[in-house]
Amino acid sequence: MSSLGVTLYRAMLRTARAPSVKHGKYRLPIDSLPEHIQKLSRKIKPGQDQKGLLTLLRAAWRDDTAPGDDNARIDDAFSCMRILGDLHGECEAMVERRIQNADRTGIRYMLGDVLRHKKFGFRAVVVGWDRRPEMDVSDWEGVVGLPSGADQPFYRMIPDISDVIDLLGGPRDMRYVAQENLEPLPIAHRRIKHPRISPLLFRGFDPIAGRYIPCEELAYNFP
């Protein structure tokens with residue numbers, strides 16, 4: 001391995017060992033890596049965490065079957081370094097969001113809760129929230145007249161597809177709902193249907209608690 005290669009390898013190790021990469025929840029960006037590293041990944045099957053990332057990194061640098069000359073390998077290493085840098089940045093942002101979301105002061109509902117919109121009547125499941133809206137919602141029909149107006153938490157919610165067709169005139173995707181517009185439902189009415197409700201977001205529905213169980217990555221972002 002050339003001196004430049006050793007320098008790149010050590011830089012990748014430092015990045016992969018960063019605290020944010022250790023504590024973040026992510027999927028390794030395998031499809032973005034050079035083809036021979038993708039093949040290596042399929043062979044060794046690294047886990048989707050820091051340990052798996054380090055395993056793949058070490059295996060890639062020890063791989064004597066990589067195609068091309070030294071220059072091609074160095075180019076691949078720089079490409080991997082850029083991808084690893086992007087992953088590190090995403091993990092930093094993810095950890096920061098988690099820290100902010102850990103403060104649940106004023107947040108009444110949780111991921112997986114199924115609630116009813118008081119004004120429009122549809123049921124929907126919580127997939128995230130903002131302590132204050134990230135857009136101007138002050139003139140929204142559902143917000144005008146609320147005691148707190150836009151100065152309250154807003155929830156990202158996936159609605160029941162039948163409800164929005166019947167009540168809103170057609171299918172809808174994600175809804176952004178003020179906390180004061182939400183109310184609990186009897187457990188018997190909390191199972192809903194929508195194409196967006198999938199294993200990527202929820203591991204299933206708990207019929208005893210009457211709520212959806214968020215996947216590990218979603219639960220990490222909203223502790």
Side-chain angles (χ1 to χ4, degrees), residues 20 23-27 90-223:
S20 60
H23 298 294
K25 294 294 180 184
Y26 50 85
R27 294 179 177 84
E90 292 172 5
C91 288
E92 290 277 0
M94 186 184 300
V95 170
E96 180 61 29
R97 286 195 302 271
R98 176 176 170 81
I99 292 172
Q100 293 174 357
N101 290 335
D103 177 9
R104 290 183 47 84
T105 304
I107 302 296
R108 190 177 302 164
Y109 303 113
M110 301 180 65
L111 291 180
D113 284 349
V114 180
L115 307 157
R116 177 183 283 120
H117 196 294
K118 292 180 182 178
K119 291 189 176 182
F120 301 136
F122 63 83
R123 297 165 297 154
V125 58
V126 175
V127 296
W129 66 76
D130 298 318
R131 193 167 301 281
R132 293 296 181 270
E134 294 188 338
M135 62 192 78
D136 183 7
V137 299
S138 58
D139 61 349
W140 285 14
E141 181 182 354
V143 176
V144 173
L146 291 177
S148 300
D151 188 25
Q152 62 179 296
F154 273 67
Y155 295 79
R156 291 180 176 84
M157 311 187 72
I158 297 176
D160 179 78
I161 192 71
S162 296
D163 283 0
V164 290
I165 289 174
D166 292 342
L167 299 169
L168 303 182
R172 298 290 191 277
D173 199 12
M174 196 75 70
R175 302 283 86 193
Y176 200 46
V177 185
Q179 182 165 272
E180 291 175 351
N181 270 334
L182 293 169
E183 61 182 2
L185 283 163
I187 289 181
H189 297 163
R190 294 181 189 173
R191 191 186 290 270
I192 65 174
K193 293 183 179 180
H194 192 283
R196 289 284 300 275
I197 299 177
S198 71
L200 293 176
L201 292 174
F202 298 106
R203 293 185 284 125
F205 180 79
D206 181 347
I208 304 300
R211 62 189 305 272
Y212 286 85
I213 305 170
C215 69
E216 186 177 7
E217 185 174 344
L218 189 61
Y220 176 87
N221 289 328
F222 294 92

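Everything quoted here is computed from the prediction, not taken from an experiment.
Figure legend: Arg104 and Trp129 shown as a cation-pi pair, the cationic atom lying under 6.0 angstrom from the six-membered ring centre and within 45 degrees of its axis.
Note that the CG atom of Asp160 and the CZ atom of Arg116 stand 11.0 Å from one another [nearest 0.5 Å]. Summarising the geometry, atom CD1 belonging to Ile187 is positioned 8.0 Å from atom CD1 belonging to Ile208; distances are rounded to the nearest 0.5 Å.
Here the shortest heavy-atom pairing between Pro159 and Asp173 reads CD-O, 2.8 Å. Across all their heavy atoms, Val114 and Arg123 have their closest contact at CG1-CB, 4.5 Å. Of all the heavy atoms in Cys91 and Ser20, the pair that sits closest is CB-O, 3.5 Å. The two atoms that bring Lys118 and Glu180 nearest to each other are NZ-O, 3.3 Å, heavy atoms only. Heavy-atom minimum distance, Ala178 versus Leu146: CB-CD1, 3.7 Å. Between Pro207 and Phe205 the shortest heavy-atom distance is CD-O, 3.2 Å.
The closest side-chain heavy-atom distance from Gln152 to Arg108 is not below 4.5 Å. Between Phe122 and Arg175, the closest side-chain pair of non-hydrogen atoms falls below 4.5 Å. In this structure the side chain of Asp163 never reaches within 4.5 angstrom of the side chain of His117, judged on heavy atoms. You'll find the side chain of Met157 reaches within 4.5 Å of the side chain of Leu182, heavy atoms only.
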Hey, can you pull the donor-acceptor pairs under 3.5 Å for the side chains in residues 213-223, sequence neighbours left out?
from, atom 1, to, atom 2, distance (Å)
Glu216, OE2, Lys25, NZ, 2.9
Glu217, OE1, Arg27, NH1, 2.7
Tyr220, OH, His23, O, 2.7
Asn221, ND2, Glu217, O, 3.4

For this session: Verify side chain to side chain contact (heavy atoms under 4.5 Å, CB included) between Val127 and Met174, making sure each step is shown before the conclusion.
Result: CA-CA 9 Å; Val127 296; Met174 196 75 70; 3.6 Å; yes
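Taking 4.0 Å as the cut-off between side-chain N and carboxylate O, Asp206 and Arg211 do not count as a salt-bridged pair.
Partners of Tyr212 by side-chain hydrogen bond (donor to acceptor under 3.5 Å, both in side chains), not counting sequence neighbours: none found.
Between the side chain of Arg172 and the backbone N or O of Gly170, at least one donor-acceptor pair lies under 3.5 Å. In this structure a side-chain-to-backbone donor-acceptor pair under 3.5 Å is present from Gln179 to Gly106. Checking side-chain atoms of Arg190 against main-chain N and O of Pro184 turns up no donor-acceptor pair under 3.5 Å.
A ring pair (Phe, Tyr, Trp, His ring centres under 6.0 Å) check over residues 142-173, counting only residues at least two apart or in different chains, returns the pairs Tyr109-Tyr155, Phe154-Tyr176.
Remark: of the listed residues Leu185, Val126, Val177, Val125, Val126 is the sole one forming a side-chain contact (heavy atoms from CB on, under 4.5 Å) with Leu115.
Around the CD atom of Glu183, the shell of radius 6.0 Å holds more than 12 heavy atoms that belong to other residues, nucleotides or ligands.
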